[in-house]
Amino acid sequence: MSWQNAPPYYQDPNQQYYGGQPGYPPQPGYPPQPGFTPGYPPNSGYPQPGYAQPGYPPSGGYPPAGGYPPQQGFANPMPPGQGAPYGYVPPQNPGGYGSTEDPEDPEVKGFGFTDESIRKGFIRKVYSILMGQLSISLGFIALFLYHEPTGKWVRSHPEMWWIALILLFVTLIAMACCTNVRRKAPMNFIFLGLFTLAQSFMLGVMASNFRSEEVLLAVGITAAVCLGLTLFAFQTRWDFTVMGGVLFVAVIILMIFGIVAIFVPGKTMTLIYASLGALIFSVYLIYDTQLMMGGKHKYSISPEEYIFAALNLYLDIVNIFMYILAIIGASRD
């Protein structure tokens, strides 16, 4: 029974009668089409952009057969034209923004230590500070060595040596253990300056017990050795940064040997002890230099640790000088 022949009835007095069905009347002007529900407009009545022919889905309609145009940072993992989902491919930028690699140092902000300009600037800053420390130390040595009243006053006041020793250890422990002390200016320069003054005073006191020609010979040998080792560290392909544990054990053994040498004094014992010390700290100089260089080596120091890097190099050079001076003094005794 079609709706035209349905018996009339009323569902609600206030509702209009539409041929036996309450609600909306059929829309005129849209004759039924084969294969479609009566009452709906034909497909040709609603042209859609991107469709080549009526019906859905079209063979060459939306999306286009060639797929979406490639976008930067994205790649279509499926063949084109199959409507495959798009997968994100992170940009190839290792070490920079958006990189998935771990940074070399979490304290570094916005750049990597592998950057050539940053590394060169860091090295220049470290060696500038180191030259200032060595100049102060040479000034104290020359003052105590060639100014006789100063040398006599220092030898008559041994308490000054102990004060300098306490100040040396306090500033060294503070810079080694407290990150803010050695990284934040001007506090890092203040502590480094106090440490350098205390160490230079002690070097001057020690040098005043030797003859001037012995001290000058030790300074010259130390300068030549340190220059050669630094050039070797810059040029060699050997990576000394992996030897930190071995060098630490060697220093512990040297300390134990030094305690034994106190109770077994003698010229031979002094020469052996000083020679081992000079050798160990020469390797330490190469190790600390390559840590400062970074780059191709396994381990490196953060660019923010320029005070710590200069302190390590300064201590290596000072220890080499003291052991060479001890060798010269023992051989000429």
Decide whether [X] and [Y] are clustered together by the hydrophobic rule: side chain heavy atoms of Ile, Leu, Val, Met, Phe, Trp, Tyr closer than 4.5 Å, transitively.
X    : Y    : answer
W162 : L167 : no
I166 : V181 : no
L138 : L145 : yes
L271 : Y323 : no
L227 : I324 : no

For side chain to side chain contact (heavy atoms under 4.5 Å, CB included), just list the numbers for L192 and Q133, CA-CA rounded to whole Å, side-chain angles, deciding distance to a tenth of an Å, and then say yes or no. CA-CA 9 Å; L192 184 65; Q133 291 178 282; 3.4 Å; yes
Crowded around [X] [atom1]? As in, over 12 foreign heavy atoms under 6.0 Å?
X    : atom1 : result
F257 : CZ    : yes
M206 : CE    : yes
M131 : CE    : yes
F191 : CZ    : no

With heavy-atom distances below 4.5 Å as the criterion, would you say the side chains of [X] and [Y] are in contact?
X    : Y    : value
M243 : I286 : no
F195 : L168 : yes
L315 : F281 : no
M292 : L313 : yes
Y314 : S137 : yes
V170 : L194 : no
K184 : F189 : no
N188 : M175 : no

Show the numbers, then the answer: is there a side chain to side chain contact (heavy atoms under 4.5 Å, CB included) between F210 and I328? CA-CA 10 Å; F210 293 85; I328 295 175; over 6 Å; no
Search all heavy atoms of [X] against all heavy atoms of [Y] and return the closest pair with its distance.
X    : Y    : result
P265 : I262 : CD-O, 4.0 Å
V205 : W161 : CG1-CD1, 3.8 Å
G277 : L254 : CA-CD2, 3.6 Å
M293 : A233 : SD-O, 3.6 Å
V215 : A207 : CG2-O, 3.8 Å
L130 : A310 : CD1-O, 4.1 Å

Tell me if a side-chain donor or acceptor on [X] pairs with a main-chain N or O of [Y] at a distance below 3.5 Å.
X    : Y    : result
H157 : W153 : yes
R182 : E305 : no
Q290 : W238 : yes

How many angstroms lie between [atom1] in [X] and [atom2] in [Y], if you round to the nearest 0.5 Å?
X    : Y    : atom1 : atom2 : result
T196 : I129 : OG1   : CD1   : 9.5 Å
M160 : L165 : CE    : CG    : 13.0 Å
F122 : Y127 : CZ    : OH    : 10.5 Å
L285 : N319 : CG    : CG    : 11.0 Å
T171 : L197 : OG1   : CG    : 9.5 Å
L325 : I221 : CG    : CD1   : 10.0 Å

What class does the angle between the rings of F201 and F144 fall in, given that below 30° is parallel, 30 to 60° is tilted and above 60° is perpendicular? perpendicular
Could you walk me through whether I301 and V126 satisfy the side chain to side chain contact (heavy atoms under 4.5 Å, CB included) test, starting with their C-alpha distance in whole Å, then the side-chain angles of each, then the deciding distance to 0.1 Å, before giving a yes or no? CA-CA 11 Å; I301 298 180; V126 170; over 6 Å; no
